[in-house]
Trainee: 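Here it is, the structure, as structure tokens.
Each chain gets a letter, A, B and so on, in the order its sequence line appears, and its residues count up from 1.
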Amino acid sequence: MAQALDLSAFVQHRDGTAHIDLAVEGVGCAACIRKIEGGLKQIPGVVEARLNFSNRRLAVDWREDELAAGTLIAALENIGYRAHPFQPERAETDEARHANWLIKCLAVAGFAAMNIMLLSVSVWSGADDMAQETRDFFHWLSALIALPAAAYAGQPFFRSAWTALCARGVNMDVPISLGVLLALGMSLVETASHARHAYFDSATMLLFFLLCGRALDHAMRRKTRAVAGNLAALKAEFAHRFDGAELVRVPAAALRPDDRLLIRPGDRVPADGIVLSGTSEVDDSLVTGETLRRVVAPGGLLHAGAVNFSGTLTMRVTAAGSGTLIDEVERLLEKAITAKSRYVHLADRAARMYAPVVHATAALTLIGWLTVGASAHDAVITAIAVLIITCPCALALAIPAVQVVASGALFRAGVILNSGDPIERLAEVDTVVFDKTGTLTLPEPRVVNARSIDSALAEKAARLALSSRHPLAAAVAREARERVPYEGASEEPGQGVRVMIEGTEARLGSLAFCGATKVESIGPGTSLIAFRHNGESIILQVRQALRHDAIKTAVALRALGLKLMILSGDRADAVLPVASALGIADWRGALTPAEKISAIEELKARGHRVLMVGDGLNDAPALAAAHVSLSPISAADLTQAQADAVFLGEKLGPVRDAVATARRARRLMHQNLWLAVIYNVIAVPVAIAGLVTPLIAAAAMSGSSILVTLNALRARRRS
Amino acid sequence: MNVLIYLVPMALALGLTGLAAFLWSLRSGQYDDLDGAALRVLSDEDVSDARRE
């Protein structure tokens with residue numbers, strides 16, 4: 001069926017030129033860049049095509065009167081790449097701007113630190129035989145560079161410290177800002193009074209090191225967000241909209257209430273709605289976790305994410321707020337999110353303890369020197385030196401550095417972090433709650449008796465299944481070793497497919513269609529599909545199957561000391577075999593979303609930290625209620641948005657990797673904090689004694705920063 | 001030490017030039033696609049046939 005593709009929701013127009021961003025699949029080498037850009041530029045009307053290899057996105061500009069956006073996607077498909085229209089999220093563009101600003105600050109701080117160090121080294125090495133005028137000149141010159149540079153590059157810290165102080169709190173940026181400002185102010189006063197020591201280099205170097213940490217942290221987050229955005233675009237569904245005259249393919253994101261859609265067998269329902277005509281069976285497993293199919297007739301409700309099984313349906317899209325399951329889920333979600341207590345991060349907890357101690361030490365130093373009879377000037381200088389040397393350079397790097405390295409390690413293990421920093425929360429869990437359907441089991445049904453049937457016949461059946469769109473056939477087709485469909489296959493709607501193989505007819509489809517008789521008794525939730533060729537026939541059983549490494553992962557999670565539990569929306573007799581295969585004694589079935597939440601609240605009340613792993617729409621509120629949450633990439637969109645992290649692929653192993661990596665990261669964070677404390681224990685007495693020169697301050701700060709960064713790199717190691 | 005009168009401004013000017021060049025390269029999007037830049041250099045499509053001789 002030829003049909004128009006309507007992408008107008010994704011195209012931006014600017015004086016005669018149209019622009020679209022596409023996420024491209026399958027880009028892997030240098031030749032791809034040339035093939036894609038060259039191929040598109042050959043199309044008359046295309047002005048510019050630029051592929052960003054780092055985030056696999058393609059920006060195309062064309063003269064809008066000469067081309068339609070659909071042509072570009074078709075052209076890319078001809079070259080061998082699948083492209084998906086992509087709408088950069090607001091959050092992503094904001095983040096890109098912020099990252100650029102951080103790098104500008106970093107560049108300014110780096111310039112200032114290097115040039116001032118040039119002057120400072122001259123002063124230090126010529127300390128004894130340098131004329132006072134020359135030294136003062138060098139100090140003034142340092143001030144000239146340092147003050148504007150710090151005013152610009154210090155903004156990320158000053159702003160965050162100011163926000164914290166306005167909220168009557170303390171974060172790590174408060175002592176940082178105070179240290180920088182005091183170091184600059186004191187140096188200025190000292191320079192004016194022709195003193196020997198100025199700390200302009202310490203202040204700018206401190207900013208430079210800290211900005212390095214911030215910029216890296218931000219770059220890592222941007223990278224994971226870009227990947228998550230691409231995955232969302234790749235997953236985005238298309239709908240067949242029927243406006244009475246013409247069938248148009250539109251992205252599901254562009255659907256409006258009251259649009260009429262055509263849903264064919266094998267299609268995923270792209271939006272909530274009501275059936276207008278047709279009857280069919282739908283698979284709601286992504287919505288409710290229920291594996292038994294539901295029969296729908298005109299007037300019946302359809303949920304986004306359900307798969308249409310047997311008949312063609314037309315439906316009308318309904319807006320939210322019409323008493324559907326989605327509304328119930330969203331209401332529960334809102335409650336769960338507001339009930340969630342704000343998590344205090346390790347860095348903030350450290351800052352809350354650190355800042356008062358440091359400031360008290362500085363105050364005591366001032367009082368101490370005054371009481372032993374030092375001049376007010378010397379006492380103040382020494383107190384400020386204490387603040388400078390304790391300025392939490394190492395402390396502020398200790399945690400972000402580990403976070404950057406650990407999220408990189410998780411990324412390689414196939415776990416993409418959604419929210420800011422779930423690593424600390426992941427490290428604390430003691431109970432893992434699984435959803436069953438789509439989480440412990442694979443998201444699509446599989447042939448479960450492949451081993452016990454004739455493999456030659458099974459292979460033929462699988463190759464024939466490639467020609468059908470039916471979901472059961474799709475399960476059979478997944479078993480095909482040679483992914484080449486037979487030529488000339490024809491589909492009988494609602495019956496099956498037939499084709500001539502080596503001169504005789506082969507059929508794949510319902511038992512009646514293939515003339516097979518039902519022999520064995522089967523459990524609920526199992527579908528049968530038959531294949532017949534040359535008088536021989538086989539019956540394939542299709543059912544939700546466990547993920548391949550589910551049993552291994554359950555054992556590994558228990559070895560980490562975690563308690564496992566299953567909370568499923570599916571019937572109890574469907575949950576029992578899964579629970580017993582995995583050796584999980586603690587399981588419950590037939591739960592509503594509200595019951596899932598209360599089960600998790602119960603665990604929390606008993607003091608457990610719960611990691612919830614789920615994919616269905618019905619899991620979304622439970623994910624939000626849990627201490628930390630994970631979703632497979634096949635999860636419903638709303639659910640995935642709630643999860644703290646998403647894992648890729650067909651394996652369950654990333655769940656174990658995530659917990660193990662997070663625990664190692666937390667250990668390294670604690671180690672780094674202790675390293676910072678040890679540094680202070682050594683450096684602070686020296687500062688209190690009044691022995692800190694700018695040279696010592698510079699060496700101590702850079703030394704401790706490099707030490708914690710190197711320690712953080714150990715989080716890279718794969719377990 | 002009179003040499004400082006022109007050496008110091010020169011050093012500063014050089015440093016500022018470096019900073020300005022970096023900011024310019026950042027603004028013109030040269031760091032947007034670091035992996036792509038590493039691969040694009042291998043492509044010699046932009047070299048004309050005559051010069052390839």
Trainee: If I measure from the heavy atoms of chain B, does A:Ile103 come under 4.5 Å with its side chain, its backbone, both, or neither?
Mentor: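 Looking at A:Ile103, backbone and side chain both touch chain B.
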Trainee: Considering only heavy atoms and a distance below 4.5 Å, find which of B:Gly36, B:Gly18, B:Ala38 pairs most often with chain A.
Mentor: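 Answer, by heavy-atom pair count under 4.5 Å with chain A: B:Gly36.
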Trainee: Can you tell me which portion of A:Leu119 sits under 4.5 Å from chain B's heavy atoms? Options are side chain, backbone, both or neither.
Mentor: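 Interface part for A:Leu119: neither.
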Trainee: Please list, chain by chain and in numerical order, all residues satisfying salt bridge (charged side-chain N to carboxylate O under 4.0 Å, His left out) with A:Arg97, sequence neighbours excluded.
Mentor: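 A:Arg97 satisfies salt bridge (charged side-chain N to carboxylate O under 4.0 Å, His left out) with A:Asp94 once adjacent residues are dropped.
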Trainee: Can you tell which part of A:Asn115 gets under 4.5 Å to a heavy atom of chain B, answering side chain, backbone, both or neither?
Mentor: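 The side chain, not the backbone.
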Trainee: Among B:Asp33, B:Leu34, B:Asp35, which residue has the highest count of heavy-atom pairs closer than 4.5 Å to chain A?
Mentor: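 Maximum pair count with chain A is reached by B:Asp33.
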Trainee: Any side-chain to backbone donor/acceptor pair from A:Asn52 onto B:Asp32? Under 3.5 Å, distance only.
Mentor: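 Checked: pair present.
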Trainee: Can you establish whether the number of heavy atoms outside A:Met114 located under 6.0 Å from its atom CE is more than 12?
Mentor: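 No.
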Trainee: Rounded to the nearest 0.5 Å, how far does NE2 of A:His19 lie from CH2 of A:Trp62?
Mentor: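 Here the rounded value is 8.5 Å.
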Trainee: With a 3.5 Å distance limit and no angle check, can you tell me whether A:Arg159 reaches the backbone of A:Pro156 through a side-chain donor-acceptor pair?
Mentor: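 No, because the side chain of A:Arg159 does not come within donor-acceptor range (under 3.5 Å) of the backbone of A:Pro156.
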Trainee: With a 4.5 angstrom heavy-atom cut-off, is it the side chain or the backbone of A:Glu37 that approaches chain B, or both, or neither?
Mentor: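 A:Glu37 touches chain B through side-chain heavy atoms alone.
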